[in-house]
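First up is the structure itself, then whatever we jot down about it.
Keep in mind that what you see is a predicted model, and the values were worked out from it rather than measured. All heavy atoms count here, side chains included; hydrogens, waters and symmetry mates do not.
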Amino acid sequence: MRTHTTFYHMDRPVIAEAESYWEKKLPRVEHLLQHYAPDEAELRLTVWHYPQRVGYQARAVLHLPSGTLVAEETDKDLHAALDATTDTLVRVLKKHEERLRHDDVYRRHRRTRADVS
């Protein structure tokens with residue numbers, strides 16, 4: 001998986017810390033992308049710092065051959081914003097894979113069969 005990170009309005013030490021923290025969070029996403037070839041998936045993380053308003057805004061965009069997934073979160077703490085973005089991205093990715101496998105249709109049919117019997 002190719003990754004690209006961009007930081008706006010942040011100092012160098014904070015950027016270095018954010019990059020190292022993001023590297024710790026990446027295996028959770030990479031685990032779900034095992035079925036894709038490494039050159040097919042591209043993850044772009046953009047983090048903005050707004051000192052007067054909301055704090056940090058993190059946005060992750062995952063480009064896959066089957067679609068584009070977006071997760072965006074805002075928090076006063078940088079780590080909390082990255083954590084929430086990772087959680088949202090994992091949730092959206094799992095939902096996307098379920099739709100691709102048509103798990104929702106299977107579950108729906110199984111439920112109606114149980115009601116009939």
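- There is no path of hydrophobic side-chain contacts, each under 4.5 Å, that joins Val54 to Val47.
- Residues Leu62 and Leu33 meet the side-chain proximity criterion, which asks for heavy atoms closer than 4.5 Å.
- In terms of heavy atoms, Ala81 sits closest to Ala58 at O-CB, 4.1 Å.
- Among all heavy-atom pairs drawn from Ala71 and Leu89, the shortest one is CB-N, 3.6 Å.
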Practice problem: Verify side chain to side chain contact (heavy atoms under 4.5 Å, CB included) between Arg59 and Thr85, making sure each step is shown before the conclusion. | Solution: CA-CA 7 Å; Arg59 179 183 172 105; Thr85 303; over 6 Å; no

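- Put simply, the side chain of His4 does not reach to within 4.5 Å of the side chain of Leu43, judged on heavy atoms.
- Applying the side-chain hydrogen bond (donor to acceptor under 3.5 Å, both in side chains) test to pairs two or more places apart or on separate chains, those with a residue in residues 7-18 are Glu17-His79.
- Separating the OG1 atom in Thr6 from the CH2 atom in Trp48 is a distance of 8.5 Å, to the nearest 0.5 Å.
- One distance of note links OG1 of Thr88 with CG of Leu93; it measures 12.0 Å at 0.5 Å rounding.
- A 4.5 Å side-chain heavy-atom check between Met10 and Leu78 finds at least one atom pair inside the cut-off.
- A continuous path of Ile, Leu, Val, Met, Phe, Trp and Tyr side chains, each step under 4.5 Å between heavy atoms, connects Val29 with Leu100, placing both in one hydrophobic cluster.
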Quiz prompt | side chain to side chain contact (heavy atoms under 4.5 Å, CB included) between Leu82 and Leu45, intermediate numbers included | solution = CA-CA 9 Å; Leu82 291 175; Leu45 175 72; 4.0 Å; yes

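- The distance from the CD atom of Gln57 to the CD atom of Glu73 is 10.0 Å, given to the nearest 0.5 Å.
- Between atom NE2 of residue His96 and atom OG1 of residue Thr68 there is a gap of 8.5 Å, rounded to the nearest 0.5 Å.
- Residues His49 and Phe7 are not in side-chain contact: their nearest non-hydrogen atoms beyond the backbone lie 4.5 Å or more apart.
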Exercise. In sequence, state the C-alpha distance, the side-chain angles, and the governing distance for Glu42 and Arg44, and then conclude on side chain to side chain contact (heavy atoms under 4.5 Å, CB included).
Key: CA-CA 7 Å; Glu42 180 181 4; Arg44 294 182 172 269; 2.9 Å; yes

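- Lys25 and Asp83 are joined by a salt bridge, as a carboxylate oxygen and a charged side-chain nitrogen come within less than 4.0 angstrom of each other.
- Rounding to the nearest 0.5 angstrom, the gap separating the CE atom in Met1 from the CG atom in Leu32 is 10.0 Å.
- Here the side chains of Arg28 and Thr86 are in contact, with some heavy-atom distance below 4.5 Å.
- Counting only distance, with no hydrogens or angles, the side chain of Glu40 and the backbone of Ala37 share a donor-acceptor pair below 3.5 Å.
- Taking NZ of Lys24 as the start and CD of Glu19 as the end, the distance is 13.5 Å to the nearest 0.5 Å.
- Criterion: ILVMFWY side-chain heavy atoms under 4.5 Å apart, direct or through other members. Under it, Val61 and Leu64 are not part of a common hydrophobic cluster.
- For the residue pair Tyr36/Ser66, the side-chain donor-acceptor check at 3.5 Å is satisfied.
- Two residues are said to be in side-chain contact when any heavy atoms from C-beta on lie closer than 4.5 Å; Val14 and Tyr56 meet this criterion.
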